[in-house]
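Note sheet for the following structure.
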Amino acid sequence: MNSTVGLSDILLISPMIALFLTSLIPLTLKVLRGNREQSPIVTLTQGLIGIVIAIALLMVFGGAGKTAFNNGLIFDGVTQWMSVIALFAAGASMIMMYENPATTGKQFSELIFLAMSSAVGMLILVAAVDLLMVFIGLEMMSLALYLMIAMSHEEKLSKEAALKYFVLGSFASAIFLYGVAFIFGSTGGTNILSFMENASELIQTSRLFLFGITFVILGFCFKVSIAPFHAWTPDVYQGAPTPHTAFMATAVKAVSFAAFLRVIATKSLIGSDHLFDILQWLAVITMIVGNTAAILQNNFKRMIAYSSIAHSGYVLVGVITAGVSDNGAFGASGVIFYLLSYSLMTLGAFAIAGMMEKSESHIVNIDDLAGFAKQRPMLALCMTVFLLSLAGIPPTLGFFGKFYMFNAAIGEGLLWLAIWGMLNSVIAVYYYLRPIVVMYMKDGDAEIAARPLNATTVTVVAMALAIVLMGFMSGPLFAAVEKSLL
Amino acid sequence: MILSAIVFLPLLFALIVAVWPNAKTLRHLALGLSVIEFLLSLVILQQFDANSASLQMVEKFMWIERFGIQYFMGIDGISLWLVLLTTFLTPIIILASWTSISEKVKGFHVCMFILQTAMLGTFLAMDAVFFYTFWELSLVPMYFMVGIWGGARRIYATVKFFIFTMAGSVLMLVAIIYMMYLTQEVTGHMSASLLDFYKLKIPFVGGTFFSLQTLLFFAFALAFAIKVPAFPVHTWLPDAHVEAPTPGSVILAGVMLKMGTYGFLRWVIPLFPEASEYWAWLFMLIGTVGIIYGALVAMVQPDVKKLVAYSSVSHMGYILLGLFAFNAYGIGGGLYQMLNHGISTGALFILIGMIYERTHSREISKYGGLAGVLPIFTIFFFIITLSSIAVPMTNGFVGEFMILLGTFKAAPAFAYFAVLGVVLGAVYMLWMFKRVFFGPQGELVKDEHHPLHDLNTREIAVLVPMVIMVFWMGLFPNNFLNYSKASIDFLVNNKNNYNLTIATPGAATTTQAQGGN
């Protein structure tokens with residue numbers, strides 16, 4: 001095996017390098033200043049510059065299906081799109097961290113460093129086509145997150161959340177790694193590209209491989225909260241500071257699904273009977289569990305957490321579609337488009353919830369939104385857009401996300417999954433309407449914290465506008481996604 | 001560009017209203033804008049070629065190319081009057097809400113204009129996904145209208161309304177996507193155009209539920225039946241009506257329910273002709289049960305608004321009956337009845353709103369002897385009551401007569417029962433009229449602290465156009481029917497092979513109408 005590293009490898013991973021180097025800047029400056037924090041706005045700007053540079057490098061050097069590091073990483077359309085989603089979510093969450101009471105404390109430089117490190121892990125994860133690379137990306141992303149959640153000082157819930165996330169996350173990683181070991185044992189390699197072609201044969205002939213692939217899938221199911229492996233999600237989402245929750249619910253989920261897609265969405269694999277059946281049922285159960293549990297929640301973050309479980313179920317339908325499809329690009333672009341729309345609206349909803357937190361320990365319940373429309377009409381309107389989009393009401397982006405994904409599913413003959421998904425989105429309407437009801441139709445004195453929250457407001461309004469405008473322009477956007485995957 | 005202008009101008013109006021700084025002139029502005037919209041819609045009427053059954057004033061370009069989804073609008077005799085009904089009612093509703101909506105006036109008018117866009121778009125869209133977008137969009141402003149300006153149980157009612165109607169339409173979306181793939185099989189490229197859908201020959205097997213055409217038929221029919229609302233999926237309607245503010249009730253009864261019956265006429269019957277014919281008995285049964293059930297339930301309502309709400313269930317049952325009779329009388333009567341119901345029930349809700357503003361009660365038993373105190377109001381109410389119970393020379397008579405004629409021809413058994421509804425309608429309306437307006441004065445009417453004032457000029461101005469329409473449509477139905485005749489004949493004659501075409505602008509059009517015969 002020839003293992004020299006060439007310039008092209010370095011260029012391809014230049015976004016990750018750039019992101020990592022810029023993430024060190026705030027930390028270094030803090031040390032040089034005698035462990036004194038710089039002004040948070042400066043730190044934030046440094047971080048955002050890093051993200052912009054990374055996106056630019058990604059656009060310049062990524063794409064075109066080039067591989068790096070002995071086929072360990074691949075830079076194709078999926079990598080490009082999902083990296084952009086992850087970086088955007090990271091940037092938006094960092095803006096939220098800058099203005100959230102739970103995260104603007106004394107360790108803001110560290111926080112930004114960790115968020116960006118986590119993003120580096122994400123970029124590795126979405127590009128990885130070697131199971132060990134996947135593992136490295138997964139761990140790098142998660143370790144930074146465990147720390148970020150635990151760093152919130154006063155809040156007991158966040159400690160609990162961090163511990164829960166750490167224990168269960170490590171458990172999932174261990175299962176994943178175990179699966180990788182089995183796969184290595186049965187095929188002599190860990191590169192996905194090398195064994196996916198004849199995966200269906202391997203499943204038939206090698207029990208070791210079957211175990212391995214099952215464990216790998218289980219590991220992913222933990223990460224993207226597929227029921228019944230979702231139990232950590234509501235607690236962690238609720239306990240973590242809201243900007244972190246936004247980061248986890250969007251970026252982590254999007255990149256984990258990207259890796260999931262890359263690892264298992266192969267016709268020879270999903271096409272095998274048992275796996276196909278199991279995944280279908282997992283998708284259905286996930287939708288039902290997420291949606292029915294979300295109805296019962298009073299806590300806003302918990303509700304969105306359960307709803308994000310339901311969204312995982314929808315996305316799994318897309319992943320299955322991509323797997324069984326002859327034209328993999330169609331199904332995969334449905335998934336990417338959905339994750340794009342999902343990330344925008346979930347970030348927006350969490351951003352507004354975060355703005356309403358008056359102190360570190362303040363938990364926003366849905367009833368707290370009473371009168372919000374009167375106090376802050378613009379933000380209430382944005383929230384309405386996010387929620388309607390999450391519920392899939394046209395002409396928002398969320399509707400088209402569902403439309404394209406279920407369209408692909410119906411095209412591949414997965415009619416009953418599409419029908420399940422649609423019926424579930426009706427259940428979802430019930431709880432997505434509740435915050436709107438409370439905001440507009442109940443009187444109260446919902447206020448957002450007295451601090452000026454300009455950066456977050458601008459981000460939120462921009463995202464709401466994007467959801468509506470991209471809804472109208474969804475055709476070219478989807479075509480662009482699909483084209484990049486072909 | 002006229003259709004796009006008609007559909008999207010209200011959206012622009014919503015924006016103008018939203019940024020309008022002067023609260024005092026807001027209502028005048030909104031009224032003026034809605035009148036402009038109405039005048040503009042008269043241009044359509046003037047340009048419309050009544051002899052052609054083709055789609056006219058078509059605007060069409062690719063919207064989402066990957067799936068063959070188009071921005072595709074067109075108008076024919078089926079949608080023409082529904083568009084005009086919408087633009088006609090909107091200024092009336094805005095004028096009627098002058099005093100009844102006193103809070104969040106700006107938000108109300110924004111909702112009103114967005115709703116107008118959604119409704120007009122639903123009637124004019126000729127692409128399935130484009131149509132679905134408007135169809136679902138209409139839920140949002142209505143949801144706010146009931147939820148913000150409604151009565152005590154408004155939140156229950158509005159959530160129920162939203163979820164009921166949305167639950168119905170998601171299966172329709174699945175069916176639409178499925179049919180897009182069918183067009184791909186047939187024509188080689190995916191399309192969501194209604195005209196391409198019409199060309200599909202979807203396999204039908206009688207006697208079983210599980211043939212493709214039947215399944216698609218029911219996926220669409222359920223969505224529309226809920227919107228109509230047909231028995232037994234009507235239960236959201238009384239709640240929504242009772243809790244909605246007057247303008248909300250008027251728009252709901254006047255236009256939104258018609259989206260359901262229009263859906264049957266535009267989508268279900270021509271797209272699934274065999275299934276429609278095979279299952280016609282079911283929908284005629286549903287219609288008939290709705291007629292009688294709605295009337296009986298209306299009869300025992302102590303709340304006058306609820307009474308009118310249930311009478312809607314009854315009236316909409318007639319329309320369903322007419323549509324599934326599949327002949328020119330039935331379908332033409334159904335279409336005519338959609339307009340009639342929009343006018344008369346809309347007017348009834350406005351009248352009830354007026355008296356509610358004065359007394360803050362809708363209980364029939366608390367009234368009595370209103371005729372002696374409010375003579376002008378009584379006259380208006382009486383005229384509209386006559387129209388609602390379809391007395392000859394009013395609009396209601398023409399519609400019901402045509403529907404019953406059509407039903408007698410197609411399925412006499414249903415007609416016998418449906419006629420019963422005419423009698424029952426007279427019973428509950430006249431009985432209500434007697435209790436409210438005659439007899440000893442009730443506690444509300446006698447209340448000396450709150451003397452009742454008769455209608456003022458504004459209120460009369462609201463009602464006069466509606467009364468004019470009642471008699472115009474009742475005395476000269478051909479003025480209206482002539483516009484839709486070609487389209488309806490074309491549909492009836494080509495039911496099993498409904499190849500709707502696009503009119504070539506400027507060409508002589510009479511040939512196209514005859515082409516179908």
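Quick note on labels: first sequence line is chain A, next is B, and so on, each numbered from 1. No hydrogens, no waters, no symmetry mates; every other heavy atom, side chains included, goes into these values.
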Query raised in the report: Would F72(B) and F130(B) count as a close aromatic pair, with their ring centres under 6.0 Å?
Result: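 No, ring centres 6.0 Å or more apart.
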
**Report entry** Pair Y132(B) and F399(A), ring centroids less than 6.0 Å apart
**Finding:**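 Ring centroids of Y132(B) and F399(A) are less than 6.0 Å from each other.
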
Residue [X] versus chain B: region with a heavy atom under 4.5 Å:
{"X": "I436(A)", "answer": "both"}
{"X": "I393(A)", "answer": "side chain"}
{"X": "F400(A)", "answer": "side chain"}
{"X": "A428(A)", "answer": "neither"}

Query raised in the report: Are side-chain N/O atoms of Y404(A) and S474(A) paired as donor and acceptor at under 3.5 Å?
Result: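 On atom types as modelled, these side chains qualify, holding a pair under 3.5 Å.
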
Query raised in the report: Backbone N or O of Y143(B) within a donor-acceptor pair of the T158(B) side chain at under 3.5 Å?
Result: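 At least one qualifying donor-acceptor pair exists.
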
**Report entry** Part of Y181(B) within contact of chain A (heavy atom distance under 4.5 Å)
**Finding:**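 When you check distances to chain A, only side chain atoms of Y181(B) fall under 4.5 Å.
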
Query raised in the report: Within 45° of the axis and under 6.0 Å from the centre of the six-membered ring of F224(B), does NZ or CZ of R266(B) qualify?
Result: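 No, cation not above the ring by the 6.0 Å, 45° rule.
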
Query raised in the report: If you count heavy-atom pairs under 4.5 Å with chain A, which of L137(B), I155(B), L171(B) comes out on top?
Result: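 Most heavy-atom pairs under 4.5 Å with chain A: I155(B).
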
Query - Pick from V429(A), V426(A), L477(A) with the largest number of heavy-atom pairs that fall under 4.5 Å of chain B - result: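 Between V429(A), V426(A), L477(A), the count favours V426(A).
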
